[in-house]
Number of protein chains: 2
Amino acid sequence: MPNDIFSALADPTRRNILEMLAGNDEFPASEIYDKFQVSPQAISQHLKILREANLVHVEKRAQQRIYRINTDAMVELEQWSKSMRHRWTRRLDAMEAVLKAEMKKNLKNQNEEEQSN
Amino acid sequence: MPNDIFSALADPTRRNILEMLAGNDEFPASEIYDKFQVSPQAISQHLKILREANLVHVEKRAQQRIYRINTDAMVELEQWSKSMRHRWTRRLDAMEAVLKAEMKKNLKNQNEEEQSN
DNA sequence: TCCTTTATCAAGTAAATACTTAAATAAAAA
DNA sequence: TTTTTATTTAAGTATTTACTTGATAAAGGA
């Protein structure tokens with residue numbers, strides 16, 4: 001999974017842009033510019049980073065650039081976190097299995113000792 | 001969702017630490033230090049950031065600090081990306097519904113015109 | 001053609017980040 | 001108590017980042 005996605009998401013302004021795009025079909029750059037206090041150039045730079053991270057799609061329409069969210073990148077992020085959780089829980093399950101096996105053995109040994117006494 | 005999680009995950013070294021922790025039950029800080037080229041102090045600083053983002057748990061054991069991953073934060077991340085996807089797809093579904101309704105209306109109008117002719 | 005709209009690129013800057021080495025803390029062992 | 005082990009904190013620095021203003025590009029309309 002490319003570094004870029006995580007660094008792109010690290011900035012709160014960029015996450016705001018994505019959340020804005022998630023709720024609507026499409027937005028020309030100018031409408032995105034309008035929603036933020038910072039200069040249009042600053043937002044343009046953020047959009048470039050989002051583009052490079054493949055978090056958004058752009059379509060040229062006359063002078064305008066129409067932005068849309070790319071949910072593929074979201075899926076990637078989701079799978080990364082999921083895989084982390086699963087590796088961890090699989091580890092826990094393995095530990096549990098070992099513990100259970102050990103308990104069984106101990107119980108068995110205890111029984112055998114009691115029988116021989 | 002706190003900013004901290006995303007910024008914490010933006011650094012590749014910190015993601016490596018998390019991936020290391022995901023595969024094992026627990027690690028004392030020193031074992032984490034050993035796996036990386038950078039100084040133990042640098043890793044210690046990364047661990048602090050992971051702690052503050054609630055991505056890891058720490059347990060004191062004598063002089064050692066035992067680190068474990070906290071999968072709750074992973075779940076949060078997963079839900080954020082999921083909610084983004086769902087908002088987007090819901091939007092698409094709504095658009096589709098509107099399109100279908102319009103097609104139906106057009107077909108109906110067409111039929112009526114044909115009948116009156 | 002010239003002007004306007006829409007958007008990006010470029011250069012400069014202040015603040016944040018990831019690293020370094022040196023010093024500090026705190027528990028265990030000698 | 002002194003020393004060793006494990007880890008963090010502190011201070012300094014080079015690099016990166018997010019912003020600014022000014023210049024540029026590309027399409028549309030007068």
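Model, not experiment: these values are computed from the prediction. Just the heavy atoms: all of them, side chains too, but no hydrogens, waters or symmetry mates, feed the values below.
Across the protein-nucleic acid pair, A:I66 atom CD1 and D:dA27 atom C1' stand 14 Å apart, rounded to whole Å. The CG-C1' distance, from B:L9 to C:dA18, rounds to 16 Å in whole Å. One atom, OH of A:Y33, and another, P of D:dT20, lie 13 Å apart when rounded to the nearest Å. Atom C1' of nucleotide C:dT6 and atom CD of A:E59 are separated by 15 Å, given to the nearest angstrom. Taking atom CG on B:L47 and atom P on C:dC19, their separation rounds to 12 Å, with Å as the unit. The distance between atom CZ of B:F6 and atom P of D:dT17, rounded to the nearest whole Å, is 18 Å. Between B:E52 atom CD and C:dA16 atom P the separation is 15 Å, expressed in whole Å.
Using a 4.0 Å heavy-atom distance criterion, A:R61 is classed as making no nucleic acid contact. Within the 4.0 angstrom heavy-atom criterion, base atoms lie near A:A42. Using a 4.0 Å heavy-atom cutoff across all strands shown, A:Y67 reaches sugar-phosphate atoms only and no base atom. A:S30 comes within contact range of the sugar-phosphate backbone alone, with a heavy-atom separation under 4.0 Å but no base atom that close.
Phosphate contact (OP1/OP2 of C:dT20, side-chain N/O of B:S39, threshold under 4.0 Å): present. Phosphate proximity of C:dC19 to B:H46: present, with a side-chain N or O under 4.0 Å from OP1 or OP2.
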**Request:** Could you walk me through whether B:R85 and A:E78 pass the salt bridge (Lys or Arg N to Asp or Glu O under 4.0 Å) test, one step at a time?
**Result:** CA-CA 10 Å; B:R85 277 202 304 115; A:E78 226 172 292; 2.8 Å; yes

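A donor-acceptor contact closer than 3.5 angstrom is absent between the side chains of A:H57 and A:R68.
We find that A:E26 and A:R61 are joined by a salt bridge, their nearest charged nitrogen and carboxylate oxygen being less than 4.0 Å apart.
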Find every protein N or O atom lying less than 3.5 Å from an N or O atom of nucleotides 24-30 of chain C, and list the pairs.
from, atom 1, to, atom 2, distance (Å)
C:dA28, O4', B:Q63, NE2, 3.3

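In this structure, B:I32 and B:M20 approach most closely via the heavy-atom pair CA-CE, 3.7 Å.
Closest approach to the A:Q41 side chain among D:dC19, C:dT8, D:dT8 is made by C:dT8 (side chain taken as heavy atoms from C-beta onward).
No donor-acceptor pair under 3.5 Å is formed between the side chain of A:R65 and the backbone N or O of A:S30.
For A:Q45 and D:dT20, a side-chain-to-base donor-acceptor distance below 3.5 Å is present, hydrogens and geometry of angles not being considered.
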